[in-house]
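What you are looking at is a predicted structure, and each value in this text was computed from that prediction instead of being measured. All ligand and atom numbering here is 1-based and tracks the order in the structure.
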Amino acid sequence: MWSKLETRLKQRRAQDMMRHRLTLESGQDTEISIAGEHFINFSSNDYLGLASHPKLSEATQKAVQRYGSGSGASHLVVGHSEEHHRLEEELAEFLGVERALLFSSGFMANYGVLSSLFDRKDLLVQDKLNHASLIDGGRACEAKMLRYAHNDMDSLERQLKHKVETKMIVTDGVFSMDGDVAPIPEILALSSTYKAQLMVDDAHGFGVLGASGKGTLEHFGLEQKHADIYMATLGKSVGGYGAFVAGKAVLIESLVQFARSYIYTTAIPPAVAAANRAGLALIQSEPERRQQLKDNIAYFKQLADEKGLPLLPSDTAIQPVLLGTNERAVAVSNSLREKGLLVVAIRPPTVPENSARLRITLTSNHRKTHIEQLVEAISTI
Ligand SMILES: *Cc1c(COP(=O)(O)O)cnc(C)c1O
């Protein structure tokens with residue numbers, strides 16, 4: 001076993017595909033500190049700048065005083081606290097759905113939904129660029145799984161022609177490595193023609209898209225109920241940790257009863273649920289954060305355009321600069337780091353071969369000067 005692993009690692013190193021962790025000495029913010037050096041951070045998913053917001057820290061501290069640090073058990077045993085329960089109620093109310101269910105992570109939420117609700121009579125039809133957790137969840141169940149070319153409605157239509165009991169179209173709302181948005185109105189038109197249902201993973205849309213931050217459906221002026229299964233994470237725009245699934249009561253109760261990644265895991269600490277509640281409250285009370293983010297995205301795109309950077313067609317906070325080879329992406333990322341700018345290179349297998357890229361993420365807390373520095377630095381490399 002060990003020599004096999006050594007060989008795999010050697011191959012990975014040879015392909016410029018080794019991944020390394022950075023160890024932060026500061027909180028998650030637009031400016032971070034790593035190994036005694038300061039960087040402007042363009043790699044977090046903290047889109048609304050809430051991860052180190054004092055209101056979330058206060059809520060965490062208050063909850064720690066009351067509940068301590070650990071939840072001590074799974075939700076179905078004795079780990080489900082009032083903080084968890086209120087958070088679920090607040091999420092359901094915010095989205096206008098019957099119920100919401102908290103999961104310990106987005107990966108576990110997607111895995112739990114797909115692995116527990118479908119059987120061999122069913123069909124899952126997934127976008128090629130869906131998040132790894134959706135693909136793994138689909139692989140773990142008995143349903144047949146087909147993929148369609150990214151955001152390609154002709155390709156989706158071909159996959160929907162199969163005659164089966166339940167057809168579930170599964171898509172990211174905002175694609176995590178490309179930043180483009182799924183064409184939900186067109187997907188819904190197909191789903192109605194072919195009697196399919198829809199699951200949306202809105203990890204990068206919730207809190208950010210739509211006038212009130214309800215995400216990708218609101219972005220298109222659609223009601224939330226058009227997504228039969230709606231999933232989003234709490235560790236990105238919300239500034240906390242965990243994830244939830246929202247929809248009809250029958251969906252949620254089925255997950256409580258059958259989703260193994262819900263049942264057999266420890267609940268997130270109550271204090272983390274409290275931080276999530278504070279983040280959700282700020283998403284509702286401070287819409288100016290979304291406006292600030294929008295302004296930053298527009299400013300970045302304008303400057304990048306002027307410098308002719310190879311951007312992908314994205315209007316969201318995720319702005320990839322396509323560089324092609326792993327070597328090139330890593331080299332540019334390293335030169336940026338020398339200039340005090342942190343932009344992580346994303347390489348295969350996270351993205352397709354020869355599409356290595358810088359994945360720039362903007363937040364509402366970036367200042368104009370940060371963005372100017374970034375674009376200037378990339379264009380001179
Ligand atoms: C981050 C992410 C997840 C996983 O969520 P975690 O809470 O980090 O496990 C799922 N889907 C998408 C699209 C994501 O970007």
Side-chain angles (χ1 to χ4, degrees), residues 19 21 28 43-48 50-51 56 75 84 87-88 91 100-115 124 126-140 147 150-151 168-182 184 187 198-209 215-217 219 227 229-246 255 259-262 264-269 272-273 275-276 279-280 312 314 316-320 344 346 349-352 357 359-363:
R19 289 135 184 261
R21 299 167 307 171
Q28 187 62 252
S43 284
S44 86
N45 301 312
D46 180 27
Y47 302 121
L48 300 177
L50 298 180
L56 274 74
H75 283 277
H84 299 107
L87 173 60
E88 291 182 343
L91 286 163
L101 185 71
L102 194 57
F103 277 78
S104 295
S105 78
F107 202 107
M108 290 162 87
N110 283 336
Y111 195 89
V113 167
L114 295 181
S115 62
L124 302 173
Q126 300 215 32
D127 189 288
K128 264 252 155 74
L129 295 190
N130 275 353
H131 190 264
S133 53
L134 291 169
I135 304 304
D136 287 10
R139 283 183 183 149
R147 318 276 294 270
H150 175 53
N151 278 350
M168 182 65 65
I169 303 169
V170 184
T171 184
D172 282 16
V174 175
F175 286 85
S176 49
M177 296 301 140
D178 287 48
D180 53 350
V181 181
I184 303 291
I187 292 176
L198 176 64
M199 173 175 181
V200 176
D201 171 346
D202 218 10
H204 301 277
F206 183 74
V208 177
L209 293 189
T216 301
L217 286 122
H219 167 76
I229 305 175
Y230 181 83
M231 171 274 178
T233 64
L234 299 163
K236 288 164 182 160
S237 71
V238 180
Y241 180 71
F244 69 92
V245 174
L255 291 172
R260 293 162 68 87
S261 65
Y262 179 77
Y264 299 107
T265 199
T266 302
I268 60 172
V272 175
N276 291 331
L280 181 64
L312 291 183
S314 159
T316 66
I318 301 164
Q319 290 290 329
V344 169
I346 306 282
T350 306
V351 293
R357 64 199 65 183
R359 177 180 179 268
I360 296 166
T361 52
L362 298 164
T363 77

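- Neither the backbone nor the side chain of Ala243 comes within 4.0 Å of ligand 1, counting heavy atoms alone.
- Heavy-atom contacts of Asn110 reach the following atoms of ligand 1: 10 (C), 11 (N) (cutoff under 4.0 Å).
- Applying the 4.0 Å criterion to heavy atoms of Asp172 picks out, from ligand 1, the atoms 13 (C).
- In Asn45, neither the side chain nor the backbone holds a heavy atom less than 4.0 Å from any atom of ligand 1.
- Scanning the protein for heavy atoms near atom 11 (N) of ligand 1, the closest one is Asp201 OD2, 2.5 Å.
- When only modelled atom types and interatomic distance are considered, Thr216 and Asp202 share a side-chain donor-acceptor pair under 3.5 Å.
- Between Phe244 and Tyr230, the ring planes lie tilted relative to each other; the angle falls in the 30° to 60° range.
- Of the protein's non-hydrogen atoms, Gly106 N, 2.7 Å is the one closest to atom 7 (O) of ligand 1.
- With hydrogens and angles left out, the side-chain atoms of Thr350 and Arg359 include no donor and acceptor closer than 3.5 Å.
- Close approach of ligand 1 to Ala203 (heavy-atom distance below 4.0 Å) involves ligand atoms 2 (C), 11 (N), 12 (C), 13 (C), 14 (C), 15 (O).
- Scanning all protein heavy atoms for the shortest distance to atom 4 (C) of ligand 1 gives Phe107 N, 3.6 Å.
- Listed by number with element, the atoms of ligand 1 under 4.0 Å from a non-hydrogen atom of His204 are 14 (C), 15 (O).
- Not a single heavy atom of Gly235 sits closer than 4.0 Å to an atom of ligand 1.
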### Task
Start with the C-alpha distance between Ile229 and Met168, add both sets of side-chain angles, then the distance that settles side chain to side chain contact (heavy atoms under 4.5 Å, CB included), and finish with yes or no.
CA-CA 9 Å; Ile229 305 175; Met168 182 65 65; 3.8 Å; yes
Result block: side-chain N/O donor-acceptor pairs under 3.5 angstrom for residues 233-242, not counting sequence neighbours:
{"residue": "Ser237", "atom": "OG", "partner": "Phe206", "partner atom": "O", "Å": "2.6"}
{"residue": "Tyr241", "atom": "OH", "partner": "Ser104", "partner atom": "O", "Å": "3.3"}

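- The protein non-hydrogen atom at the shortest distance from atom 8 (O) of ligand 1 is Lys236 NZ, 4.4 Å.
- For the residue pair Gly138 and Gln126, the shortest heavy atom distance occurs at CA-NE2, 4.2 Å.
- Looking at Ile318 and Asp178, their side chains never come closer than 4.5 Å, going by heavy atoms from C-beta outward.
- Taking a cut-off of under 4.0 Å to the non-hydrogen atoms of Ser133, the atoms of ligand 1 that pass are 10 (C).
- If you check the side chains of Asp180 and His150, you find a donor sitting under 3.5 Å from an acceptor.
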